[in-house]
Amino acid sequence: MGRLDGRVAIITGAGSGQGLAAARLFASEGACVVVAELNQDTGRAAEEEIRSAGGQAVFAHCDVAEEAQVRATVELAVSTFGRLDVLYNNAGLWLSARGNYRPGVTDAPSPLLEDNVWQRTIDVNLKGVYLGCKYAIPQMRKAGAGSIINTSSIAALRTGRGGNSDAYTAAKGGVIAITRTLAVEHAPDQIRCNCIIPGAIHTPLAGPFTPEYEEAVRKNIPLGRWGQPEDVARMALFLASDESSWITGQFFVVDGGYTAV
Ligand SMILES: NC(=O)c1ccc[n+]([C@@H]2O[C@H](COP(=O)([O-])OP(=O)(O)OC[C@H]3O[C@@H](n4cnc5c(N)ncnc54)[C@H](O)[C@@H]3O)[C@@H](O)[C@H]2O)c1
């Protein structure tokens, strides 16, 4: 018996990294997974992979910053699988005005971002969470309960000089704040809302990788290694399942101990 048997889960950004790991894990635990992804190639590939492994999945081409596409994604979940139980707001991006700049590796100042970079960063990382909840919550109410999992970042808790991350940190801080509000507002409907705060996870978003960059990050992680997408996916599975049924409005840092230092 799977930990998500009979559940329907939308996972945004499920074509890569943490979202893909969660899509594989949720499907292997019995969930019907909606792979909501901007990149059509990786989204379709994830759908195909899950189906080939015997799981249930459907691809939804979705930019989480576009309201009509988010609404259509929720409609697809319900028309395909009949209900909606879980929304994992995982899609995100980190745009850098300085290309490959990485904190601790290159010594660049941190200019304010270009306006368009600011706007896109906020739209995808924060507004996308709001839009997903706007359309998912009415369906969860119909289902009688639900679990929303938001994705913040340790960038919202700790920072350093440089990194071009003013918009990113603002968006990810906003994700923590909206998690609390959603949790309290919707608790009477048994809709839970929690937030994962990943540390350095070895995915394309954190790249491009050089040996120097990888080592500079690794040596500051008490557990001595980068996080893998599966490290986060296991936390998401716990929050999606009934094992966390009395947990809402909380944040779970998955960072190998980095922020404990
Ligand atoms: N990798 C890290 O070190 C790290 C650390 C903290 C937080 N995070 C957060 O974790 C989440 C997952 O990132 P990841 O590390 O797996 O990166 P990733 O780049 O491997 O995956 C992100 C996925 O989101 C998709 N995406 C981007 N914009 C989208 C949009 N507008 N609509 C729909 N999909 C979109 C991308 O196509 C990609 O498939 C993000 O929210 C990210 O900010 C990552």
Side-chain angles (χ1 to χ4, degrees), residues 10-25 34-47 49 59-74 87-96 102-104 117 119-132 149-159 163 165 167-176 179 195-209 213-214 216-218 220-221 225-233 235-236 251-256 258-259:
I10 294 174
I11 303 176
T12 67
S16 173
Q18 299 169 56
L20 177 58
R24 289 171 174 148
L25 185 60
V34 179
V35 175
E37 173 57 61
L38 181 62
N39 182 320
Q40 301 209 46
D41 294 339
T42 61
R44 287 224 167 79
E47 174 198 59
E49 182 195 314
F59 166 59
H61 186 215
C62 177
D63 181 338
V64 296
E66 294 295 328
E67 180 155 5
Q69 295 180 33
V70 175
R71 186 175 61 228
T73 297
V74 171
L87 171 64
Y88 183 8
N89 285 312
N90 161 80
L93 50 73
W94 180 13
L95 299 171
S96 169
R102 283 293 178 264
V117 174
Q119 197 57 53
R120 181 68 178 156
T121 302
I122 297 289
D123 284 354
V124 174
N125 291 306
L126 181 56
K127 182 180 161 197
V129 171
Y130 155 72
L131 288 175
I149 303 156
N150 292 332
T151 307
S152 180
S153 166
I154 53 167
L157 305 180
R158 286 185 68 172
T159 191
S165 56
Y168 188 77
T169 53
K172 293 301 191 182
V175 170
I176 294 174
T179 296
C195 184
I196 299 177
I197 304 183
I201 312 299
H202 207 282
T203 69
L205 180 140
F209 296 101
Y213 165 50
E214 293 198 52
V217 172
R218 190 204 62 76
N220 287 317
I221 300 173
R225 66 169 176 87
W226 279 72
Q228 294 301 319
E230 293 74 17
D231 291 313
V232 180
M235 176 60 78
F251 331 115
F252 298 87
V253 181
V254 182
D255 72 348
Y258 175 79
T259 52

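Values in this document were obtained by computation on a predicted structure and should not be read as measured data. Numbering of ligands and ligand atoms starts at 1, following listing order.
- Test N89, V175, L93 against N125 for side-chain contact (heavy atoms from CB on, under 4.5 Å) and you get one pass: L93.
- Side-chain contact between E37 and T42 is present, with at least one heavy-atom pair separated by less than 4.5 Å.
- Between D231 and R225 there is a salt bridge, since at least one side-chain N of the basic residue sits less than 4.0 Å from a carboxylate O of the acidic one.
- Between I154 and V253, some side-chain heavy-atom pair lies under the 4.5 Å cut-off.
- With values rounded to the nearest 0.5 angstrom, I149 atom CD1 is found 8.0 Å from I11 atom CD1.
- Listed by chain and residue number, the protein contacts of ligand 1 are G13, S16, G17, Q18, E37, L38, C62, D63, V64, N90, A91, G92, R120, V124, T151, S152, S153, Y168, K172, P198, G199, A200, I201, T203, P204, L205, A206 (heavy atom within 4.0 angstrom).
- Using bins of under 30°, 30° to 60° and over 60° for the plane-to-plane angle, the ring pair Y213/F209 lands in the parallel bin.
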